[in-house]
Amino acid sequence: MKAYEIVVDRILGLLEAGTVPWQRPWDPAIGLPRNIRGTAYRGINVLVLGCQGYESPLWLTVRQANQLGGHIRRGERGTPVIFWKWAPTPAEGESEQPPRQQAPLVRYYRVWNLLQTDGVEVPSGAATPALEAAEVSAECVVSRMAAPPSIRHDGGARAFYRPSTDSIHLPPRDAFHEADGYLATLFHELVHSTGHATRLARPAVTDGTLFGDHAYSEEELVAEMGAAFLCAHVGITSRTIENAAAYIASWLRVLRDDHRMVLRASQRAQRAVDYILGPVERSAPEDAP
Ligand SMILES: [Zn+2]
C-alpha cells in the first residue's frame with residue numbers, strides 16, 4: 001500500500017462510519033493538532049489527527065517520547081501522518097538526460113497522542129497554542145486577505161463566486177438563521193475565490209467550470225475543506241451539513257474512484273487558507289517528523 005493510501009484510507013473509513021472529517025477538522029477549544037515541538041500539522045494530517053477526539057492537541061513519535069523521558073503505553077495504536085520528501089537528484093555528470101521535473105515522494109510515519117503516553121516531559125514551547133490558531137476573529141478573516149474579491153449580498157437564495165467579475169454573491173445576511181451559517185457560507189465562497197487567475201490559479205476556477213454545476217468536484221472539496229479550516233480557526237464548531245447522509249454517500253462515491261483527490265484537495269485547501277490568512281511564521285515545512 002502506498003504511503004498516501006494509508007492516510008486516505010482513514011478518511012474513507014471516517015466517511016463510511018458517518019463522520020465528515022472536514023466538518024470539524026479540530027476542536028477550537030483544544031487547538032490545532034501539533035507536534036511535540038509546537039508546530040501545527042497541515043492539510044490532510046489535520047483531518048486525520050483532529051478527528052480522533054483526544055483532549056490534547058500534541059502528537060509525538062516513539063523516539064520523541066523516549067527522548068523526553070517517557071514511553072507509549074502498551075497496546076496504544078499510532079496514527080499515520082504523511083510528509084513530502086524530494087527524491088535526491090542524480091549528481092552532475094551522472095546522467096546525459098536533462099534534469100526532469102521531480103515530483104516529491106509521499107512518505108509516512110506514525111505518531112501517538114500525548115494522552116497515549118506515560119512520563120513524557122512536555123517541552124514548554126509546545127504547551128502554548130500555535131501562533132496561527134490564535135487571535136483570528138471571524139471579521140478579520142476577510143480583512144486579512146490581500147486584495148479580496150468584492151462581496152455582495154445580492155445572490156437571492158443562492159451563494160456563489162463568479163470568477164469573471166471576481167465577486168462573491170450571497171443571500172442577504174438576515175436570510176441566515178445563525179451568524180455561523182452565514183460565515184461558513186462566506187468562507188466557502190472565499191476559498192473558491194482564491195482559485196482566481198490573479199491568486200492561486202486553480203484550474204476549475206480559471207477554466208470557467210466553477211460557474212456551472214460543481215457539486216462533488218475536486219474544487220468543491222477544496223472549498224468545503226478550506227471553509228472548515230477557516231471555521232475552526234475562528235472558533236465556529238457547529239457547522240451543520242444539510243442532508244448529511246446523502247452528502248456522505250456522494251463524496252464516498254467520488255473519492256473511492258479517485259483516491260488522490262482527497263490528498264490534492266486537502267493540499268489545495270491548506271494553500272487557500274494560507275493565502276486568505278496571510279503569511280504566518282512556520283518553523284517546519286510540510287510535517288517532517
Ligand atoms: Zn462551492
Side-chain angles (χ1 to χ4, degrees), residues 11 15 20-25 43-44 47 138 141-142 145 148-173 175-234 236 238-255 257-258 260-277:
I11 301 286
L15 281 168
V20 179
W22 53 88
Q23 183 172 23
R24 195 184 202 220
I44 202 164
L47 302 178
V141 164
V142 181
M145 187 173 171
S150 64
I151 298 167
R152 298 176 207 154
H153 295 90
D154 61 356
R158 292 175 57 222
F160 58 95
Y161 169 66
R162 183 185 282 141
S164 62
T165 48
D166 191 23
S167 51
I168 289 172
H169 301 263
L170 298 169
R173 237 175 202 277
F176 293 88
H177 298 303
E178 287 156 14
D180 287 0
Y182 170 79
L183 287 169
T185 305
L186 171 61
F187 290 164
H188 179 112
E189 303 308 332
L190 211 54
V191 173
H192 279 316
S193 81
T194 63
H196 192 264
T198 60
R199 301 191 182 96
L200 302 174
R202 277 193 307 275
V205 179
T206 54
D207 72 9
T209 48
L210 178 70
F211 198 52
D213 178 18
H214 64 284
Y216 307 108
S217 65
E218 183 179 318
E219 173 61 24
E220 185 61 5
L221 191 53
V222 172
E224 286 289 273
M225 287 181 174
F229 287 164
L230 288 173
C231 281
H233 269 297
V234 303
I236 297 175
S238 59
R239 193 171 159 262
T240 47
I241 289 174
E242 275 168 48
N243 207 348
Y247 178 92
I248 288 171
S250 300
W251 277 122
L252 265 177
R253 226 176 1 257
V254 174
L255 298 177
D257 279 354
D258 182 359
R260 279 204 173 254
M261 192 202 276
V262 174
L263 197 58
R264 280 195 312 265
S266 56
Q267 273 183 295
R268 288 179 158 166
Q270 179 76 64
R271 264 183 230 134
V273 169
D274 291 347
Y275 186 95
I276 291 168
L277 294 179

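Every number for a ligand or one of its atoms is a count from 1 in the order of the listing. Since the model is a prediction, treat every value here as computed from it, not as a measurement.
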statement: At the Zn ion (ligand 1), NE2 of His188 and NE2 of His192 open up to roughly (10° bins) 90°
For the Zn ion (ligand 1), the closest N/O/S atom belonging to Glu220: OE1
field: From OH (Tyr247) to CD (Glu242), nearest 0.5 Å
entry: 11.5 Å
- prompt: Is it true that a side-chain atom of Glu189 and a backbone atom of Ile168 form a donor plus acceptor pair closer than 3.5 Å?
  reply: no
His153/Tyr182 aromatic ring centres below 6.0 Å: yes
task: Start with the C-alpha gap between Arg202 and Asp207, add the side-chain angles, then the distance that decides, and say whether salt bridge (Lys or Arg N to Asp or Glu O under 4.0 Å) holds.
output: CA-CA 9 Å; Arg202 277 193 307 275; Asp207 72 9; over 6 Å; no
- prompt: Is the distance between the Zn ion (ligand 1) and the nearest N/O/S atom of Glu189 smaller than 2.8 Å?
  reply: no
